[in-house]
Number of protein chains: 2
Amino acid sequence: MITKRVPSETIGRLFRYFRSLSCLLRKGEEIVSSKTLAEVCHIKPATVRKDLSYFGEFGTRGVGYDAASLINKIKKIIKLDKKINVALVGIGNIGRALLKHSTFELEGFKIVMAFDNSPSKIGDTVGNVMIEDAANIRERIESSGIHLVILAVPDYATSKVANVLQLAGAKSILSFSPCGLSMPADIQVTCIDLSVEMARLVYNSCVDYREKV
Amino acid sequence: MITKRVPSETIGRLFRYFRSLSCLLRKGEEIVSSKTLAEVCHIKPATVRKDLSYFGEFGTRGVGYDAASLINKIKKIIKLDKKINVALVGIGNIGRALLKHSTFELEGFKIVMAFDNSPSKIGDTVGNVMIEDAANIRERIESSGIHLVILAVPDYATSKVANVLQLAGAKSILSFSPCGLSMPADIQVTCIDLSVEMARLVYNSCVDYREKV
DNA sequence: CCTACTTTGTGATTGTGTTCACATTCACAT
DNA sequence: ATGTGAATGTGAACACAATCACAAAGTAGG
């Protein structure tokens, strides 16, 4: 397959299509058009079609897409045909919330390992996962073959832990600290920065609307 | 001031500049160049300069930017010269984590009100905030003049609550449910969708690197 | 006051992602 | 068969954001 360059936003949308299609299918809609899917996802039909077209021709002209088979195609594309095992480092407020967050498992992700360095937490079990000593991160992650790690440690510890993760062979990191990570190019990093998001909302609510009127 | 169209990413970066500048200033760096700031933020100097240039000329050629005064300018621009009061709806795992998340307050945001509809939670105090009955959301938010609301309720309740928030006069919503919100254009909505982020990481860690080599 | 050096501010360029608009293809009725 | 209507798939156009590259404006030293 000659992979044209796929916009990175497209991948995120594919996941949302996957979610919406599952939902539509449960409601009994076996055939779905780009129009329907677009409405559910609040985007334009053309975007749906283009996103899918990067990976092949999955629809039938004049008809639409077969929901069940499209779901499978998308699962393959985004590598979610198998459950993804995830490790979590940092069992503070956010870490604990994520461990209890049952939705992940429904969507193909499973937190199978959790670490903290506080003796008072090590050994506890939160949401079916026992908290292990952070000192063992490298060894445990390396031997388990986990590629995706969620990082929810305090800011000052972030880059130190990130380095260990790199040594442990992690391929992707989802971090909740304001990104200060400089990782090699073969390691994917995404930062969730709530303050930044709120700052943008505040700014836009003062400015954006004015323009649209 | 003639406001050219400002990229929305720019606003997010301004907040990060604000953060980094505060840090540099504490370390005693009173004058900061676009190069320095760019290094700290892991972006290019030209981006820093262009971002700032949308709002005026804040630097001195041949020298750089005065950290203290630039911080103030940025604060004004992104409306963070005053603390922003925030309401939180939904005290589940994530909601509770956010209430305890002390960093917000350091960065200019303060959760001053929290709601849930579970009788077992109403009346509890988490992180200095008392949980109120969700039935009072509209009245309380309307009368308090809060514009920014964090939404951390289960998926099925999201759009119902969002409608109430709209009536209550909220201007911006930060939601943790997979976006199904269709709000009028004058209400800003940002969704944090962890599954989507993880799906992108998984995909990219399989594909992206191959191309870069 | 002039020269060498530094760093800003920005028009022009490049790059990336979204949207349009239409030819193509399929189902179905006649 | 053949025509009609519906929905896909996609090159081209557009919109937006990042980056370059250089003129302008400052400092410092003699």
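Numbered from 1 within each chain, the chains take letters A, B, ... in sequence-line order. Quick note: numbers below take in every heavy atom, side chains included, and nothing from hydrogens, waters or symmetry partners.
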Exercise for the section: Let me know the distance between CZ of A:F55 and P of D:dT10, rounded to the nearest Å. Expected result: 13 Å
Fill in the blank from the handout: Residues B:V48 and B:Y17: closest non-hydrogen pair is CA-OH, 3.4 Å
Handout entry: Phosphate OP1/OP2 of D:dT19: any B:R49 side-chain N/O under 4.0 Å
Key = no
Exercise for the section: Give a yes/no answer on whether the side chain of B:R13 brings an N or O atom under 4.0 Å of OP1 or OP2 in D:dA17. Expected result: no
Completion exercise
OG of A:S102 to NZ of A:K100, rounded to nearest 0.5 Å, is 11.5 Å
Practice task
Would you give the length of the straight line joining atom CG of A:L165 to atom CZ of A:F115, rounded to the nearest 0.5 angstrom?
Solution key: 9.0 Å
Handout entry: Residue mapping more 5' on DNA chain D - nearest nucleotide basis, A:A46 or A:G64
Key = A:G64
Practice task
Determine which nucleotide pairs with C:dA4, using a 3.5 Å limit on both distances of a Watson-Crick or G-U wobble pair.
Solution key: D:dT27
Problem - Short side-chain N/O contact from B:T47 to OP1 or OP2 of D:dT19, under 4.0 Å - result: yes
Fill in the blank from the handout: When rounded to whole Å, the CZ to C1' distance for the pair B:R5 and C:dG11 reads 19 Å
Handout entry: Distance below 4.0 Å between A:S34 side-chain N/O and D:dT8 OP1 or OP2
Key = yes
Handout entry: Distance, rounded to the nearest Å, where A:K50 contributes NZ and C:dT16 contributes C1'
Key = 13 Å
Handout entry: Integer-rounded Å distance: C:dT7 P and B:K44 NZ
Key = 19 Å
Problem - Nearest-neighbour nucleotide for the A:S53 side chain, D:dC20, D:dG9, D:dA17 considered - result: D:dG9
Handout entry: Value in whole Å for how far the P atom of D:dT10 lies from CG of A:D51
Key = 13 Å
Fill in the blank from the handout: Between A:G62 and B:V32, whichever has its closest DNA chain C nucleotide further toward 5' is B:V32
Problem - Basic-acidic side-chain contact under 4.0 Å: B:R19, A:D155 - result: no
Practice task
Measure from CD on A:E57 to P on D:dA7 and round the result to the nearest Å.
Solution key: 18 Å
Exercise for the section: Take atom NZ of A:K35 and atom P of D:dT8, then tell me their distance rounded to the nearest Å. Expected result: 10 Å
Problem - Separation of D:dA25 C1' from B:Y65 OH (nearest whole Å) - result: 13 Å
Exercise for the section: Please confirm whether the backbone N or O of A:N204 pairs with a side-chain atom of B:K79, one donor and one acceptor, at under 3.5 Å? Expected result: no
